[in-house]
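Here's the structure, in structure tokens; my notes come after.
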Amino acid sequence: MGLIGDTVDSIKSIQTRQLLNQAVSLGMIVTSALIIWKALMCVTGSESPVVVVLSGSMEPGFKRGDILFLHMSNAPIRAGEIVVFNVDGREIPIVHRVIKVHERQDTGEVDVLTKGDNNNGDDRLLYAQGQQWLHRHHIMGRAVGFLPYVGWVTIIMTEKPIIKYILIGALGLLVITSKD
């Protein structure tokens with residue numbers, strides 16, 4: 001029994017070692033993704049360098065599900081640029097075009113007014129109550145490029161969370177059970 005018991009223990013330890021190896025690999029994948037995201041934030045100057053268009057307000061230019069790449073520089077914001085902004089009291093950023101720019105003579109600060117290309121009126125109804133203009137701190141970045149339709153994966157996983165959990169579970173199971 002000593003030899004058989006040692007063999008069984010040896011097999012169990014190999015499986016445990018392999019499981020730990022797979023768990024560490026999964027952790028490294030997640031950590032690498034976070035490092036890449038933080039590096040993109042530093043390079044682009046934007047707190048969110050990639051966003052998904054969630055509505056049809058920018059059609060026909062950008063459709064729901066398009067992924068936008070953002071960059072934020074110190075250059076002045078101009079009318080006609082497409083910006084992504086956060087509004088106080090709203091969690092989800094908005095992608096719209098700048099239609100008016102107002103520069104304050106006393107401070108040199110720039111205020112902007114935005115509008116969705118597919119909307120009838122400007123965005124003042126979307127801004128916080130009493131807010132007439134967006135300020136620099138509201139703007140997350142300018143759109144510098146896009147990938148059409150790739151963001152549908154994000155939209156589907158947000159609208160149907162069960163799909164997200166099934167996908168994450170399946171990927172986790174695949175990583176843990178795969179053999180090197």
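Using a 4.5 Å heavy-atom threshold, the side chains of V144 and L70 count as separate. The closest side-chain heavy-atom distance from I155 to V153 is not below 4.5 Å. L147 places a side-chain heavy atom less than 4.5 Å from the side chain of F69. Taking the side chain as every heavy atom from C-beta outward, T114 and D122 never approach each other to under 4.5 Å. In this structure, V53 and L68 have side chains that are in contact, with non-hydrogen atoms separated by less than 4.5 Å. Taking the side chain as every heavy atom from C-beta outward, K160 and I163 approach each other to under 4.5 Å.
Sorted by first and then second residue, the salt bridge (Lys or Arg N to Asp or Glu O under 4.0 Å) pairs involving residues 22-33 (not counting sequence neighbours) form an empty list. The stretch residues 101-130 participates, sequence neighbours left out, in these ring-ring contact (aromatic ring centres under 6.0 Å, His included) pairs: H102-W133. Sorted by first and then second residue, the pairs that involve residues 138-169 and meet ring-ring contact (aromatic ring centres under 6.0 Å, His included), not counting sequence neighbours, are F62-F146, H135-H138. Among residues at least two apart or in separate chains, side chain to side chain donor-acceptor pair (under 3.5 Å) pairs with a member in residues 48-68 are S55-S57, S57-H96, R64-E159.
The shortest non-hydrogen separation linking N86 to E91 is OD1-O, 4.1 Å. The shortest non-hydrogen separation linking V112 to I77 is CG1-CG2, 3.9 Å. Contact detail for V51 and V84: the closest heavy-atom pair is CG2-CG2, 3.9 Å. Here the closest heavy-atom approach between residue R136 and residue A75 is recorded as NH1-O, 3.5 Å.
Distance alone, capped at 3.5 Å, places no donor-acceptor pair between the N119 side chain and the G121 backbone. Judged by distance alone, the side chain of R97 and the main-chain N or O of G80 form a donor-acceptor pair under 3.5 Å.
No single ILVMFWY cluster, assembled from side-chain heavy atoms under 4.5 Å apart, contains both V150 and V95. There is no path of hydrophobic side-chain contacts, each under 4.5 Å, that joins I139 to I92.
The number of heavy atoms from other shown groups lying within 6.0 Å of CG (N120) does not exceed 12.
When only modelled atom types and interatomic distance are considered, R142 and S46 share no side-chain donor-acceptor pair under 3.5 Å.
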Q. Run the side chain to side chain contact (heavy atoms under 4.5 Å, CB included) check on M58 and N118 step by step: do they pass?
A. CA-CA 5 Å; M58 284 301 291; N118 202 23; over 6 Å; no

(Q) Under the criterion side chain to side chain contact (heavy atoms under 4.5 Å, CB included), I'd like the reasoning laid out for L113 against D123: C-alpha separation, chi angles, the key distance, then a yes or no. (A) CA-CA 7 Å; L113 179 64; D123 289 342; 5.5 Å; no

Q: Determine, stepwise, if the pair K164 / I156 fulfils side chain to side chain contact (heavy atoms under 4.5 Å, CB included).
A: CA-CA 8 Å; K164 175 173 48 178; I156 290 169; over 6 Å; no

Q. Can you list the steps and then say if R78 with V98 is a side chain to side chain contact (heavy atoms under 4.5 Å, CB included)?
A. CA-CA 7 Å; R78 303 281 181 224; V98 175; over 6 Å; no

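Summarising the geometry, atom CG belonging to L54 is positioned 7.5 Å from atom OG1 belonging to T158; distances are rounded to the nearest 0.5 Å. Interatomic distance, I94 CD1 to F85 CZ, rounded to the nearest 0.5 Å: 4.0 Å. A distance of 10.0 Å separates CD of E47 from CE of M72, quoted to the nearest 0.5 Å. L134 CG to R124 CZ: the interatomic distance, rounded to the nearest 0.5 Å, is 10.0 Å.
Under the rule for a salt bridge (charged side-chain N to carboxylate O under 4.0 Å, His left out), E103 has no partner lying at least two apart in sequence or in another chain. For P49, the side chain to side chain contact (heavy atoms under 4.5 Å, CB included) test picks out W37, L40, M41, T44, with sequence neighbours left out.
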